Amino acid sequence: MEKEQIVVNLKDFFAKREEFFQYFDTHLSKKENIDAFDFSKKNELNAEEVYKQFYHFDYAIRKLLPPLFKAYEINPSKDLKK
């Protein structure tokens with residue numbers, strides 16, 4: 001995979017990551033005066049939507065893994081199972 005395609009995939013990954021966190025920012029309460037979620041409050045999340053957001057985020061990173069493994073000579077079944 002060429003550098004240009006990797007850059008495109010990275011941009012997609014960061015966009016999907018941003019969408020994932022925006023979903024949480026929209027649907028979860030924050031603690032007062034800090035940028036942290038307040039899980040003590042009852043927050044209703046749509047499980048299907050959470051899965052959809054995560055799936056797109058996960059797919060974006062999985063598109064990046066093969067060229068990274070190749071560039072750094074990482075064998076997932078050997079190197080990552082340690």
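Everything quoted here is computed from the prediction, not taken from an experiment.
- Annotation: the span from Leu28 atom CG to Leu45 atom CG amounts to 4.5 Å, rounded to 0.5 Å.
- In this structure, CG on Asp25 lies 13.0 Å from CD on Glu19, to the nearest 0.5 angstrom.
- Leu10 and Val8 end up in different hydrophobic clusters when Ile, Leu, Val, Met, Phe, Trp and Tyr side chains are linked at under 4.5 Å.
- Partners of Glu18 by side-chain hydrogen bond (donor to acceptor under 3.5 Å, both in side chains), not counting sequence neighbours, listed by chain and number: Gln22.
- Leu64 and Tyr55 fall into different hydrophobic clusters, where Ile, Leu, Val, Met, Phe, Trp and Tyr are joined by side-chain heavy atoms under 4.5 Å apart, directly or via other members.
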Quiz: residues 33-43 side-chain donor-acceptor pairs under 3.5 angstrom, not counting sequence neighbours:
from  : atom 1 : to    : atom 2 : distance (Å)
Asp35 : OD1    : Lys30 : NZ     : 2.4
Asp38 : OD1    : Ser40 : N      : 3.1
Asp38 : OD1    : Ser40 : OG     : 2.5
Lys42 : NZ     : Glu44 : OE2    : 3.3
Asn43 : OD1    : Ser29 : N      : 2.9
Asn43 : OD1    : Ser29 : OG     : 3.1
Asn43 : ND2    : Asp38 : O      : 3.3
Asn43 : ND2    : Lys41 : O      : 3.1

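- His27 pairs by the ring pair (Phe, Tyr, Trp, His ring centres under 6.0 Å) definition with Tyr23, not counting sequence neighbours.
- Not a single salt bridge (charged side-chain N to carboxylate O under 4.0 Å, His left out) links Arg17 to another residue, sequence neighbours left out.
- Atom CD of Glu73 and atom CG of Asn75 lie 11.0 Å apart (nearest 0.5 Å).
- Residues forming a ring pair (Phe, Tyr, Trp, His ring centres under 6.0 Å) with Tyr59 (at least two apart in sequence, or on another chain): none.
- Among residues two or more places apart in sequence or in another chain, the ring pair (Phe, Tyr, Trp, His ring centres under 6.0 Å) test is passed with Phe57 by Phe13, Phe20.
- The structure places CD1 of Ile61 at 9.5 Å from CG of Asn9, a figure rounded to the nearest 0.5 Å.
- Residues satisfying the side-chain hydrogen bond (donor to acceptor under 3.5 Å, both in side chains) criterion with Asp12, sequence neighbours excluded, are Lys63.
- Taking each heavy atom of His56 and Lys16 in turn, the nearest pair found is O-CG, 3.7 Å.
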